[in-house]
Trainee: 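Structure incoming, see below.
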Amino acid sequence: MPFLGQDWRSPGQNWVKTEDGWKRFLEEHSNYVSDINSYCHVENNMENNKENLITNLNYDIVAKKRKKDFLNNNTKTQYLYQEKWIYVHKGSTKERHGYCTLGEAFNRLDFSTAILDSRRFNYVVRLLELIAKSQLTSLSGIAQKNYMNILEKVVQKVLEDQQNIRLIKELLQTLYSSLCTLVQGVGKSVLVGNINFWVHRMEAILDWQQQLNNIQITRPAGKGMTLSDLPLCLQLNIMQRLTDGRDIVCLGQVSSELQVLSEDRLLWKRLCQYHFTERQIRKRLIMSDKGHLDWKKMYFKLVRCYPRREQYGDTLQFCRHCHILSWKGTEHPCTANNPESCLVSLSPQDFINLFRF
């Protein structure tokens with residue numbers, strides 16, 4: 001194929017460079033020129049298709065990354081469902097296949113909102129503690145992630161409100177001890193996910209503990225009435241409403257008057273009788289130097305031997321008729337004539353026992 005500017009008919013004559021010669025060349029080799037144009041057009045189309053393909057691939061990668069980031073960000077919030085109740089079934093039937101697990105119940109019940117309710121806060125914390133002690137490995141990966149997210153919200157709430165500090169410290173210590181046991185030895189962890197990820201979570205728990213230890217509770221700026229300004233009978237009445245002996249001891253350290261009230265024998269007797277049965281009390285009798293029952297020492301002895309009575313402002317409830325689990329005050333599609341008579345309040349331990357098949 002000759003180059004442009006080269007004449008193959010008249011060697012040595014460069015006639016194509018003239019205007020007439022160029023026209024003659026184009027007329028005689030129009031097919032050749034059209035082939036070149038077609039080839040260039042194909043090449044351009046191929047380049048455009050290649051660019052479009054790369055653009056589409058990049059778009060797909062970006063879209064997948066955005067979706068992954070969105071799902072990862074959503075793990076900071078609990079996986080919520082439209083229903084505020086769940087059907088607890090322990091086997092497969094023609095109508096329902098499979099069964100409800102503790103992890104599924106933990107995901108679907110609204111624990112993230114429950115911790116904002118002062119009536120449900122202690123209930124959720126106690127449930128988190130029980131799960132940390134023995135049920136953490138029974139949760140699915142999503143449920144374990146939700147567990148840590150809810151725990152983080154609990155810690156942040158306590159840091160802001162400066163209330164229930166000791167309660168959350170005990171929860172974090174229980175969880176940390178359980179995780180230390182579960183991650184002992186490389187490759188032996190029974191937790192869902194990489195062991196390094198759980199080590200990172202353990203470091204976060206230590207950081208939360210340090211933040212709780214650094215809390216400095218300041219005295220209110222107002223000059224209103226304080227607890228010490230109340231009559232002694234009212235101060236004692238307030239102490240009698242405390243259900244934890246450690247709170248009574250701490251309150252007695254505020255002033256000398258409260259110290260005297262915190263040693264009241266009747267106060268500790270009522271506290272023992274509130275938490276423990278007569279039989280349990282008779283097995284742990286402690287006499288004082290004056291020959292009287294030392295109810296304060298008996299209380300702390302009984303606490304080490306028996307579980308204390310649990311009381312919550314609001315709990316989960318279970319319908320014995322339709323086997324539906326929900327928070328109190330939550331309506332569910334019950335077919336019983338008198339739904340209220342079928343509801344049973346569940347303690348945190350009862351909630352866990354409900355999923356032991």
Side-chain angles (χ1 to χ4, degrees), residues 64-80 101-117 120-218 244 246 250 348-349 351-352:
K64 290 180 179 179
K65 186 176 185 303
R66 286 179 179 175
K67 183 178 180 180
K68 183 177 180 181
D69 293 340
F70 176 77
L71 293 176
N72 289 336
N73 291 334
N74 270 358
T75 58
K76 288 297 181 182
T77 59
Q78 192 183 16
Y79 286 77
L80 299 179
T101 63
L102 175 62
E104 182 182 354
F106 191 78
N107 288 338
R108 296 184 60 177
L109 293 173
D110 195 3
F111 289 107
S112 292
T113 304
I115 62 176
L116 304 178
D117 191 336
R120 300 176 179 177
F121 181 83
N122 288 352
Y123 186 94
V124 176
V125 171
R126 177 58 178 166
L127 180 60
L128 293 176
E129 184 179 6
L130 292 176
I131 292 177
K133 286 182 178 179
S134 60
Q135 301 296 321
L136 196 60
T137 56
S138 66
L139 301 181
S140 64
I142 294 178
Q144 289 180 3
K145 192 176 295 185
N146 279 340
Y147 179 94
M148 296 302 300
N149 293 337
I150 293 174
L151 179 61
E152 181 178 1
K153 293 182 180 180
V154 169
V155 174
Q156 295 301 324
K157 183 179 185 301
V158 172
L159 292 174
E160 295 174 2
D161 300 343
Q162 296 187 347
Q163 298 178 7
N164 301 300
I165 299 176
R166 185 182 66 242
L167 187 67
I168 306 307
K169 284 184 178 180
E170 294 174 352
L171 168 60
L172 293 178
Q173 184 58 42
T174 300
L175 177 59
Y176 187 82
S177 300
S178 298
L179 290 178
C180 287
T181 303
L182 292 173
V183 301
Q184 281 180 354
V186 178
K188 297 181 180 180
S189 176
V190 293
L191 298 169
V192 178
N194 189 284
I195 188 173
N196 295 326
F197 190 64
W198 283 100
V199 171
H200 176 72
R201 287 177 172 172
M202 293 172 66
E203 294 174 353
I205 293 174
L206 293 177
D207 182 61
W208 293 338
Q209 289 177 323
Q210 186 61 40
Q211 294 182 48
L212 293 173
N213 292 331
N214 294 336
I215 290 181
Q216 298 292 333
I217 300 178
T218 58
D244 194 329
R246 293 170 296 180
C250 292
Q349 187 61 58
F351 172 80
I352 292 178

Trainee: Of all the heavy-atom pairs spanning N107 and S140, show the shortest one and how long it is.
Mentor: ND2-OG, 4.2 Å
Trainee: Supply the atom-to-atom distance H200 NE2 to N196 CG, rounded to the nearest 0.5 angstrom.
Mentor: 11.0 Å
Trainee: Distance check, rounded to the nearest 0.5 Å: L175 atom CG versus L151 atom CG?
Mentor: 6.0 Å
Trainee: Where is the tightest heavy-atom contact between F106 and L128, given as atom of each residue plus distance?
Mentor: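 Nearest heavy atoms, F106 then L128: CZ-CD2, 3.8 Å.
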Trainee: Looking at V125 and L171, what are the two nearest heavy atoms and their distance?
Mentor: CG1-CD2, 4.1 Å
Trainee: Do D244 and R166 come within less than 4.5 Å of each other through their side chains, counting heavy atoms only?
Mentor: yes
Trainee: Distance-only, no hydrogens or angles: does the Q144 side chain make a donor-acceptor pair with backbone N or O of L136 under 3.5 Å?
Mentor: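 Yes.
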Trainee: Does E203 offer a backbone N or O that forms a donor-acceptor pair with the side chain of D207 under 3.5 Å?
Mentor: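 No, D207 side chain to E203 backbone: no donor-acceptor pair under 3.5 Å.
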Trainee: Less than 4.5 Å apart, any side-chain heavy atom of Q163 and any of F121?
Mentor: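 Contact flag for Q163/F121 side chains = no.
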Trainee: How long is the straight-line distance from CG of L130 back to CD1 of I352, given to the nearest 0.5 Å?
Mentor: 4.5 Å
Trainee: I'd like to check I215 versus L212 (side-chain heavy atoms, cut-off strictly below 4.5 Å). Are they in contact?
Mentor: yes
Trainee: For A105 versus F111, what's the shortest heavy-atom pair and its separation?
Mentor: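 That closest heavy-atom pairing would be O-CE1, 4.1 Å.
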Trainee: Testing the basics here: between P348 and Y123, what is the closest heavy-atom pair and its distance to 0.1 Å?
Mentor: CD-CE1, 3.6 Å
Trainee: Between CD1 of I131 and CG of L102, what distance do you get to the nearest 0.5 Å?
Mentor: 5.0 Å
Trainee: Hey, are the side chains of L206 and Q210 touching, using non-hydrogen atoms and a 4.5 Å cut-off?
Mentor: no
Trainee: Please evaluate residues K145 and R201 with respect to the criterion side chain to side chain contact (heavy atoms under 4.5 Å, CB included), reporting the C-alpha separation (whole Å), side-chain torsions for both, the decisive distance (0.1 Å), and the verdict.
Mentor: CA-CA 10 Å; K145 192 176 295 185; R201 287 177 172 172; 4.0 Å; yes
Trainee: Let me confirm one number: the CG-CG distance from L127 to N122, rounded to the nearest 0.5 Å.
Mentor: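 Between L127 CG and N122 CG, I get 12.5 Å after rounding to 0.5 Å.
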Trainee: Please evaluate residues Q209 and N213 with respect to the criterion side chain to side chain donor-acceptor pair (under 3.5 Å), reporting the C-alpha separation (whole Å), side-chain torsions for both, the decisive distance (0.1 Å), and the verdict.
Mentor: CA-CA 6 Å; Q209 289 177 323; N213 292 331; over 6 Å; no
Trainee: Ignoring hydrogens, what is the shortest heavy-atom contact between A114 and R120? Give both atom names and the distance.
Mentor: O-CB, 3.5 Å
Trainee: Salt-bridge test for R126 and E129: reply yes if a basic N is under 4.0 Å from a carboxylate O, no otherwise.
Mentor: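 Looking at R126 and E129, the cut-off is met.
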Trainee: How many angstroms lie between atom CE of M148 and atom CG of L139, to the nearest 0.5 angstrom?
Mentor: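 Separation between the atoms: 11.5 Å.
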Trainee: Decide yes or no for F351 and L109: does some side-chain heavy atom of the first lie under 4.5 Å from some side-chain heavy atom of the second?
Mentor: yes
